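Chain identifiers are assigned alphabetically (A, B, ...) following the order of the sequence lines, protein sequences preceding nucleic acid strands; residue numbering begins at 1 within each chain. If you're wondering where the values come from, they're calculated on a predicted model, not measured in any experiment. The basis for the numbers below is simple: all heavy atoms, side chains too, and nothing from hydrogens, waters or symmetry mates.
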2 protein chains.
Amino acid sequence: MALSREQIVDAAWGILHSYGLGDLSMRRLAKELGVQPGALYWHVANKQELLGVLAQRMVAPLSELTFDDAVPPLERAAHLTGEFRSLILAVRDGADVVSVAHSISPEELNPAPELATLVTGSGVSRETAMATALTLIRFTLGSVTTQQTREAMGLDTSSSEAEFTAGVELVLHSR
Amino acid sequence: MALSREQIVDAAWGILHSYGLGDLSMRRLAKELGVQPGALYWHVANKQELLGVLAQRMVAPLSELTFDDAVPPLERAAHLTGEFRSLILAVRDGADVVSVAHSISPEELNPAPELATLVTGSGVSRETAMATALTLIRFTLGSVTTQQTREAMGLDTSSSEAEFTAGVELVLHSR
DNA sequence: ACCTGAACACCGTTCAAGT
DNA sequence: ACCTGAACACCGTTCAAGT
């Protein structure tokens, strides 16, 4: 059977989860799939494109998320940011991968649009709301990058979650 | 004359400024210094240690910074965060390099301690002040990572500074 | 003390040639 | 259409051996 783009993405997803970005090489991927390295380039343009697809897959579950309308908007925004953090934290070097995807289209990548909408519901302009959304996302990426770097080095990360929660509160409860 | 650790760091600093992290390899560094790659390992333990020294050098000017006591503490904190941003922004891939250094010792790396002291002066506990400092630093690292990734890709970065300033205000003017 | 030479175990990407 | 074989131009790190 012919090699497919899906197969490549699935294998890459597996390596990223189990061994991290350092072990996710095109050559290793090819070996895992039983093909020559060059074969991959018929299905994907390059490694960067592949990482972009993986980033999309990481944040995809955010679209399926629904919230109780009774909960205040800012509280839902805080929860959504927490979900975003959990998803990238669950993948080794997830923050590095998602950071590049966010850089390419900051306002389109989940959860930016949803976050902006929620913050708008608290009575500020769309611009201020988007600024808040970008701040939350970039703070989260900075936090998770730090945490995952520490994890990779075997350092203590017990205070990471509390520091993250405190930061989200600081951003959200301002005027 | 014998090769020195300083010479290696200076050459690495030059390559990082001019060509970025992608071109800063131990082999390229050795070639630039006219020695074999293995020679470097007599002076530095490994590449990571070298990057750590470069990160320290990037944020070192923050220690020499002084502020007018008439300016309110939170305003000085905002200014210090802006200086931190400028320093890492001036070096290609500066955010990637400083992120690792911050991960290793978040509370010690400049400008964390100074920032925490300034925020304490606005009437909150030392713990809350440190949380604010870490939030500012991680948001800044997230922001500059985004901007430098976009610069490397030739994408527009004209809104980066405004987004950064807005984020700092959100973090600092909260309660 | 300090460095060379040479190796080990890798990278991403391209592309003529095969099926 | 899809893949192999082989190459190009690289990596970080180690370590016996030389000076």
Requested in this report: Taking only the side-chain nitrogens and oxygens of A:Gln36, find out if one of them lies under 4.0 Å from OP1 or OP2 of D:dC3.
Outcome: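 No.
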**Report entry** Under 4.0 angstrom between A:His43 side-chain N/O and D:dA1 OP1 or OP2
**Finding:**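 For A:His43, the contact criterion (side-chain N or O under 4.0 Å from OP1 or OP2 of D:dA1) is not met.
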Length of the [atom1]-[atom2] vector between [X] and [N], whole Å:
X       : N      : atom1 : atom2 : value
A:Leu3  : D:dC3  : CG    : P     : 5 Å
A:Asp23 : C:dC11 : CG    : C1'   : 12 Å
B:Ile8  : C:dC3  : CD1   : C1'   : 12 Å
A:Leu21 : C:dC11 : CG    : P     : 13 Å
A:Leu33 : D:dT4  : CG    : P     : 11 Å
B:Arg28 : D:dA9  : CZ    : P     : 16 Å
A:Leu50 : C:dT13 : CG    : P     : 10 Å
A:Trp42 : D:dC3  : CH2   : C1'   : 10 Å

Requested in this report: Select base, sugar-phosphate, or nothing to describe what A:Ala39 touches, counting heavy atoms under 4.0 Å on all strands.
Outcome: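 It contacts base atoms.
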**Report entry** Pairing partner of D:dC11 (Watson-Crick or G-U wobble, both distances under 3.5 Å)
**Finding:**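 Paired with no nucleotide.
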Query raised in the report: Taking a pair as Watson-Crick or G-U wobble with both distances under 3.5 Å, which nucleotide is matched to D:dA16?
Result: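 Per the H-bond distance test, C:dT4.
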Report task. Side chain of A:Ser25 only, please: which of C:dG12, D:dT4, D:dT13 is the nearest? Result ->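 Per side-chain heavy atoms of A:Ser25, the pick is C:dG12.
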Query raised in the report: Where the side chain of A:Tyr41 is concerned, which of C:dC2, D:dT13, C:dG12 is the nearest nucleotide?
Result: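 The closest nucleotide is C:dG12.
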Query raised in the report: In Å, rounded to the nearest 0.5 Å, how long is the span from CG of A:Leu109 to CG of A:Leu62?
Result: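 One finds 8.5 Å between CG of A:Leu109 and CG of A:Leu62.
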Query raised in the report: Distance between the C1' atoms of C:dT14 and D:dC3, in whole angstroms?
Result: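 Approximately 14 Å lies between the C1' atom of C:dT14 and that of D:dC3.
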Report task. Sticking with atom P, work out how far C:dA9 lies from D:dA9, rounded to a whole angstrom. Result ->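 It comes out at 24 Å once rounded to the nearest Å.
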Report task. Could you label the plane-to-plane angle of the A:Phe67 and A:His79 rings as parallel, tilted or perpendicular, counting under 30° as parallel and over 60° as perpendicular? Result ->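 Ring orientation of A:Phe67 relative to A:His79: perpendicular.
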Report task. Salt-bridge test for B:Glu49 and B:Arg5: reply yes if a basic N is under 4.0 Å from a carboxylate O, no otherwise. Result ->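 Between B:Arg5 and B:Glu49 there is a salt bridge, with a charged N closer than 4.0 Å to a carboxylate O.
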**Report entry** First encountered from the 5' end of DNA chain D, between A:Leu40 and A:Arg27
**Finding:**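 Final value for this comparison: A:Leu40.
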Query - Shared hydrophobic cluster, B:Val168 / A:Met130 (ILVMFWY, side-chain heavy atoms < 4.5 Å) - result: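 No: no chain of side-chain contacts under 4.5 Å links B:Val168 to A:Met130.
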Query raised in the report: Under 4.5 Å between side-chain heavy atoms, hopping through other hydrophobics if needed: is there a path connecting A:Leu40 to A:Val53?
Result: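 Per the 4.5 Å side-chain linkage, A:Leu40 and A:Val53 are co-clustered.
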